[in-house]
Amino acid sequence: MTKESIIQTVFEVAKERYAAVGVDVDQALENMKKVSLSLHCWQADDVNGFEVQAGALSGGIQVTGNYPGRARTIDELRADVKKALTYIPGSHRLNLHEIYGDFQGKVVDRDEVEPVHFQSWMEWAKENNLKLDFNSTSFSHPKSGDLTLANPDEEIRNFWIEHTKRCRLISEEMGKFQNDPCMMNLWVHDGSKEVPANRLKYRALLEQSLDEIFATKYDYMKDCIEAKLFGIGLESYTVGSYDFYLGYGAKKNKIVTLDTGHFHLTESVADKVSSLLLFTPEIMLHVSRPVRWDSDHVVILNDDLTDLAREIIRCNALDRVHIGLDYFDATINRIGAYVVGCRATQKAFLQALLEPAALLQQYEANGNYFERLALQEEAKSLPWNAVWDMYCLQNGVPVGETYIPGIHEYEKEVTGKR
């Protein structure tokens, strides 16, 4: 038997096993088309970007490792992303930070950036069947410091307000060009190493800045606001905390971004989904893997990720939840890091789509809690991996670990020569 015929045979057996607990595997595979990931461009180059005047990475974040082959130019980064996508089933998006503009060797400060600096990105994305998402960039700049949008210095605060306004306009133009809303994520690192004497002061300034930024209404972009627990060097106080953005998002009807690395390690991000869906229009995810702190390790298929995916599917919220990735690992092959994280995220959502949800909910409605628990446990060993293999086969990407030699070859021929 050929490898393809073996996959097909095992898949048919898996379909029968799932049918026995009321799961339509073909429908689950159809629903996987809705799981479109927004790949983060910064994994390919360690969050350096392409500003002519670029400085050292700052703003409470850092990248560890120095694996050879980092993308140094727009062309190299685009080539790396395209290569990674050949190993990731489905149709996806690319998430850009403002510092990744096509500045053509010219110095363009953050408050001067315009849509023209991303025109080549829009055209490239269209040629490669990708949609774009966007982020303002408040870190790694002489005016970053500890405070940007919450800075009491009006000149500095207005600089970042103007920057973010321009990023929203760029997002709008991206959305128009691709005829699909561009998700514009706003995250600022503002905080303090020690507890400030007046927490309210800085949060009031941040609220005022956001109100000014969001005053212009757009049709082809969606605003997302992202909280953080703390940053390196800013451990004691974060102006844009989760409580702040949750309140702002619910009050102002904005999308709250849940970065899975931006919470206490004992918090369940999955548990937040159902509450946010009741009070905010949509949810933006930044899927990461914290280890002790917001260390942004490569995403793997673990309990936290499967719980998050399962909760989104249980809420029937694939149309309201946007899935982005956010990690940066420079200790291993960067294209490999893309592929491992993306495929892990997709596996989690496929498992969630294959959950015998109807039967579980029936048990729960009838008070059959033993049966519910028993089925939840047995569902963990249902043959989801056979369905995953078929999903990869149907999408023309390598099945299982067979993508590893291709990444080795790309390293030998391309990234290893940089």
Side-chain angles (χ1 to χ4, degrees), residues 10-35 37 242 246 256 258-280 283 285-292 297 299-321 323 340-341 343-392 400:
V10 175
F11 172 70
E12 294 299 332
V13 174
K15 284 181 66 174
E16 293 181 11
R17 181 69 183 89
Y18 274 107
V21 289
V23 176
D24 186 337
V25 169
D26 290 327
Q27 185 59 54
L29 287 173
E30 182 66 23
N31 288 336
M32 276 296 290
K33 295 178 181 178
K34 299 180 181 179
V35 181
L37 307 181
Y242 178 66
L246 179 60
V256 175
L258 295 177
D259 186 306
T260 56
H262 288 188
F263 298 91
H264 292 282
L265 291 176
T266 55
E267 282 188 89
S268 169
V269 179
D271 190 45
K272 302 178 187 300
V273 170
S274 56
S275 295
L276 276 175
L277 288 171
L278 289 174
F279 301 109
T280 60
I283 295 173
L285 291 181
H286 277 186
V287 182
S288 183
R289 178 168 60 101
V291 178
R292 301 290 184 268
H297 284 58
V299 172
I300 61 173
L301 186 61
N302 59 14
D303 288 344
D304 291 337
L305 181 58
T306 53
D307 286 346
L308 178 61
R310 190 181 299 117
E311 186 64 23
I312 292 166
I313 300 304
R314 287 176 176 175
C315 292
N316 192 30
L318 269 182
D319 293 331
R320 294 179 60 197
V321 177
I323 310 162
V340 170
R343 287 170 70 118
T345 304
Q346 291 177 295
K347 289 175 184 177
F349 277 92
L350 180 60
Q351 285 191 41
L353 288 165
L354 291 169
E355 184 182 55
L359 187 52
L360 286 168
Q361 291 170 16
Q362 179 183 327
Y363 284 151
E364 183 170 288
N366 295 335
N368 302 133
Y369 300 134
F370 152 66
E371 291 86 346
R372 180 188 64 183
L373 181 61
L375 183 56
Q376 284 175 331
E377 285 301 296
E378 292 303 318
K380 294 176 181 177
S381 56
L382 287 171
W384 67 268
N385 54 316
V387 184
W388 168 255
D389 287 349
M390 177 54 70
Y391 180 62
C392 290

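Everything quoted here is computed from the prediction, not taken from an experiment. Heavy-atom basis, side chains included; hydrogens, waters and symmetry copies ignored.
Side-chain atoms of Y18 come within 3.5 Å of backbone N or O of W384 as a donor-acceptor pair. Between the side chain of T306 and the main chain of A348, no donor-acceptor pair closer than 3.5 Å is present. At distances below 3.5 Å, not a single donor-acceptor pair connects side-chain atoms of N368 with backbone N or O atoms of E371. Remark: side-chain polar atoms of R17 are not paired, donor with acceptor, to backbone N or O of P383 under 3.5 angstrom. Looking only at distances, a side-chain donor or acceptor of R343 sits under 3.5 Å from a matching main-chain atom of G400.
By the neighbour-count criterion of 12 heavy atoms within 6.0 Å, atom CG of N366 is densely surrounded, having more than that number from other residues, nucleotides or ligands. No more than 12 heavy atoms of other residues, nucleotides or ligands shown are found within 6.0 angstrom of CD on E378.
In this structure, the side chains of V273 and L308 come closer than 4.5 Å at one or more pairs of heavy atoms. Side-chain contact between D389 and V10 is absent, with no heavy-atom pair separated by less than 4.5 Å. Annotation: side chain of I312 is not in contact with side chain of I283 (no heavy-atom distance under 4.5 Å). Taking the side chain as every heavy atom from C-beta outward, K15 and D26 approach each other to under 4.5 Å. When side chains are defined from C-beta on, F279 does not count as touching L246, because their heavy atoms never get closer than 4.5 Å. Under the 4.5 Å side-chain criterion, counting only non-hydrogen atoms from C-beta, F349 is not in contact with L37. The shortest distance between side-chain heavy atoms of D319 and K34 falls below 4.5 Å.
With rounding to the nearest 0.5 angstrom, the OG atom of S268 is 8.0 Å from the CD atom of E311. The CD1 atom of I300 lies 4.0 Å from the CZ atom of R289; values are rounded to the nearest 0.5 Å. If you take CD on E267 and NE2 on H262, they are separated by 12.5 Å, rounding to the nearest 0.5 Å. In this structure, CD1 in I323 is found 6.0 Å from CG in L318, a value given to the nearest 0.5 Å. Rounded to the nearest 0.5 Å, atoms CG (L353) and CG (D24) are 11.5 Å apart. A distance of 11.5 Å separates CG in L354 from CZ in R310, rounded to the nearest 0.5 Å.
Considering L360, V23, I313 as possible partners of E355, the one that fulfils the side chain to side chain contact (heavy atoms under 4.5 Å, CB included) test is L360.
Nearest approach of P356 to V21, heavy atoms of both residues: CB-O, 3.5 Å. The two residues D271 and S274 come nearest to each other via the heavy atoms O-OG, 3.9 Å. Heavy atoms only, all atoms of each residue included: V299 and A344 are closest at O-CB, 3.8 Å.
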Criterion side-chain contact (heavy atoms from CB on, under 4.5 Å) on T260 and D304, from CA distance to verdict: CA-CA 9 Å; T260 56; D304 291 337; over 6 Å; no

Intermediate values then yes/no, side-chain contact (heavy atoms from CB on, under 4.5 Å), Y242 and L258: CA-CA 9 Å; Y242 178 66; L258 295 177; 3.7 Å; yes

Check against side-chain contact (heavy atoms from CB on, under 4.5 Å), Q351 and W388: CA-CA 9 Å; Q351 285 191 41; W388 168 255; over 6 Å; no

